[in-house]
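Naming: A, B, ... by sequence-line order, numbering from 1 per chain. Hydrogens, waters and symmetry mates are skipped; everything else that's a heavy atom, side chains included, is used. Here the structure is a predicted model, which means the values were calculated and not measured.
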2 protein chains.
Amino acid sequence: MNIGEAARRSGVSAKMIRHYETQGLVRPQRLANGYRDYAEADLAVLRFIRHARALAFPLEDVRKLLALWGDRNRASADVRRIALAHVAALESKAQAMQAMAASLRHLAAHCHGDARPDCPILDELEKSS
Amino acid sequence: MNIGEAARRSGVSAKMIRHYETQGLVRPQRLANGYRDYAEADLAVLRFIRHARALAFPLEDVRKLLALWGDRNRASADVRRIALAHVAALESKAQAMQAMAASLRHLAAHCHGDARPDCPILDELEKSS
DNA sequence: CTTGACCTTCCCATTGTGGGAATCCCCATC
DNA sequence: GATGGGGATTCCCACAATGGGAAGGTCAAG
């Protein structure tokens, strides 16, 4: 099938499908006219990528997971390790963001938020330390 | 002072100081030899930027905050609005990441993590929906 | 045979940061 | 005065993932 149909059926944009191909994640056949030709197996790969990306797995992780996915002799421990490392990264970033949000919220709570110029938010950003 | 000293004293790399200049956030004098010349006021600006970036304010927000910072007649409400919008963005992203982490953790909890190939994580990513 | 929808590749932009090259400048030492 | 080291300048490239868009080839229906 065409890239357009593959995009529709996989939920991945044609643009990104081509990109994933340059990254070696999917390898469609080529027709005589140069058009890419996707099989059902390629669709499954594209959907796999979409799900993994929806969980914010970096493409590098997706590559490893795809390799494990296709490996009949894989050990589930390998998949688990990648997933848990990703979980740790996600939680670490999420916590950092929430910490920033919390301190900003705290500052904003002490900011009048009216027409007066006094503002602890700017005071904090201004500190020389 | 030189860009090197400004970098040391502000905690912002020389590379980034130049970048912020291209973005119009800081405007040092130029000496006859073409070297940038930073005043104490420039240092304060650089530190302000560093603090704002540490709170993950996008440069576009930093630009607005700097303008308000320098405006003696600013209304604190303006600062507050920018900060709270940023807080909302941070919390939204943090929640999305934690949701992803949670669902992955859930999947990983049901993955043996041994030498067997069965793995609910891959099963999930494989789904056609 | 034209038209419109689709495909191809290639370049550019994003955001914020860093690496590195080529070139120039300043100061100190021999 | 020459040389050397450390710093300055600008410019290009890279990252990760995604999208926009141009210039051109292809196919199918009218």
Side-chain angles (χ1 to χ4, degrees), chain A residues 1-39 42 45-46 48-66 82 85-86 89-90 93 96-97 100, chain B residues 1-38 42 45-66 85-86 89-90 92-93 96-97 100:
Chain A
M1 83 196 70
N2 272 346
I3 197 173
E5 190 182 346
R8 272 186 300 274
R9 292 186 51 195
S10 68
V12 178
S13 75
K15 210 83 182 189
M16 290 316 298
I17 294 179
R18 294 197 192 93
H19 178 61
Y20 294 151
E21 183 176 344
T22 71
Q23 303 304 302
L25 300 185
V26 61
R27 298 215 181 67
Q29 297 291 117
R30 290 286 181 144
L31 298 176
N33 58 16
Y35 283 22
R36 291 171 177 80
D37 185 32
Y38 296 87
D42 295 318
V45 168
L46 290 173
F48 185 100
I49 297 173
R50 178 165 61 84
H51 294 320
R53 288 292 305 140
L55 290 170
F57 277 103
L59 279 198
E60 199 43 49
D61 282 12
V62 177
R63 185 196 317 280
K64 294 175 198 156
L65 291 173
L66 273 174
I82 293 172
H86 181 48
L90 282 176
K93 277 187 206 165
M97 280 197 273
M100 292 187 284
Chain B
M1 81 196 71
N2 272 345
I3 197 173
E5 190 183 347
R8 273 186 300 274
R9 292 186 51 197
S10 68
V12 179
S13 75
K15 210 83 182 190
M16 290 315 300
I17 294 179
R18 294 197 191 92
H19 178 61
Y20 294 150
E21 183 176 343
T22 71
Q23 304 304 302
L25 301 185
V26 60
R27 300 223 177 68
Q29 297 291 118
R30 290 286 182 143
L31 298 176
N33 58 16
Y35 282 23
R36 291 169 176 82
D37 185 33
Y38 296 88
D42 295 318
V45 169
L46 290 173
R47 292 197 188 101
F48 184 100
I49 297 173
R50 178 165 62 86
H51 294 320
R53 288 291 306 140
L55 289 170
F57 276 105
L59 278 197
E60 198 44 48
D61 281 13
V62 177
R63 184 196 318 280
K64 294 174 199 158
L65 291 172
L66 273 174
H86 181 48
L90 282 176
S92 162
K93 278 188 206 163
M97 281 197 275
M100 292 187 282

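The shortest distance between the side-chain N/O atoms of A/Asn2 and the OP1/OP2 oxygens of C/dC6 is not below 4.0 Å. For the pair A/Arg18 and C/dC10, the criterion of a side-chain N or O lying under 4.0 Å from OP1 or OP2 is not met. Phosphate contact (OP1/OP2 of D/dA16, side-chain N/O of A/Arg63, threshold under 4.0 Å): absent. Listed pair A/Ser13 / D/dT18 fails the phosphate criterion, with no side-chain N or O lying under 4.0 Å from OP1 or OP2. Contact check, B/Arg36 against D/dT9: a side-chain N or O comes under 4.0 Å of OP1 or OP2. At the phosphate of D/dT10, OP1 or OP2 sits under 4.0 Å from a side-chain N or O atom of B/Arg30.
A/Tyr38 has its side chain within reach of A/Ile17: a pair of non-hydrogen atoms, C-beta onward, lies under 4.5 Å apart. Annotation: side chain of B/Leu59 is in contact with side chain of B/His19 (closest heavy-atom distance under 4.5 Å). Inter-residue side-chain proximity for A/Val12 and A/Ile49 is flagged as unmet; no heavy-atom pair is nearer than 4.5 Å.
Put simply, CE on B/Met16 is 13 Å from P on C/dT15, counting in whole angstrom units. With rounding to whole Å, A/Arg50 atom CZ is found 16 Å from D/dT18 atom C1'. The separation between B/Tyr38 atom OH and D/dA8 atom P is 9 Å, rounded to whole Å. Going from atom CG of B/Asp37 over to atom P of C/dC25 covers 17 Å, rounded to whole Å. In this entry the distance linking CG of A/Leu59 with P of D/dT18 reads 6 Å, nearest Å. Separating the CD atom of B/Gln23 from the P atom of C/dT17 is a distance of 11 Å, rounded to the nearest angstrom. A straight line from CD1 of A/Ile17 to C1' of D/dG19 spans 14 Å, rounded to a whole angstrom. We find that CZ of B/Arg8 is positioned 13 Å from C1' of D/dA8, with the value rounded to whole Å.
For B/Tyr20 against C/dG16, a side-chain-to-base donor-acceptor contact under 3.5 Å is absent. The base of D/dG21 is paired with the side chain of A/Lys15 by a donor and an acceptor separated by under 3.5 Å.
The 5' end of DNA chain D is approached more closely, in terms of each residue's nearest nucleotide, by B/Glu5 than by the other of A/Asn33 and B/Glu5. Two residues, B/Ala32 and B/Arg53, neighbour DNA chain C, and the one matched to the more 5' nucleotide by heavy-atom proximity is B/Arg53.
The distance from the CZ atom of A/Arg50 to the CG atom of A/Leu55 is 11.5 Å, given to the nearest 0.5 Å. A distance of 8.0 Å separates CG in B/Asn2 from CG in B/Asp37, rounded to the nearest 0.5 Å. Atom CG of residue A/Leu66 and atom CZ of residue A/Phe48 lie 5.0 Å apart, to the nearest 0.5 angstrom.
Ion pairing between A/Glu5 and A/Arg8 fails under the 4.0 Å rule for side-chain N and carboxylate O. Ion pairing between B/Glu21 and B/Arg18 fails under the 4.0 Å rule for side-chain N and carboxylate O.
Taking only side-chain atoms of A/Ile3, from C-beta outward, the nucleotide of C/dC7, D/dT18, D/dA8 with the closest atom is C/dC7. In the set C/dT17, D/dT18, D/dG25, the nucleotide with an atom closest to the side chain of A/His19 is D/dT18.
In this structure, the helix from C/dC1-D/dG30 to C/dC30-D/dG1 shows an angle of 40° between the axis at its start and the axis at its end, each fitted on 5 base pairs and rounded to 10°.
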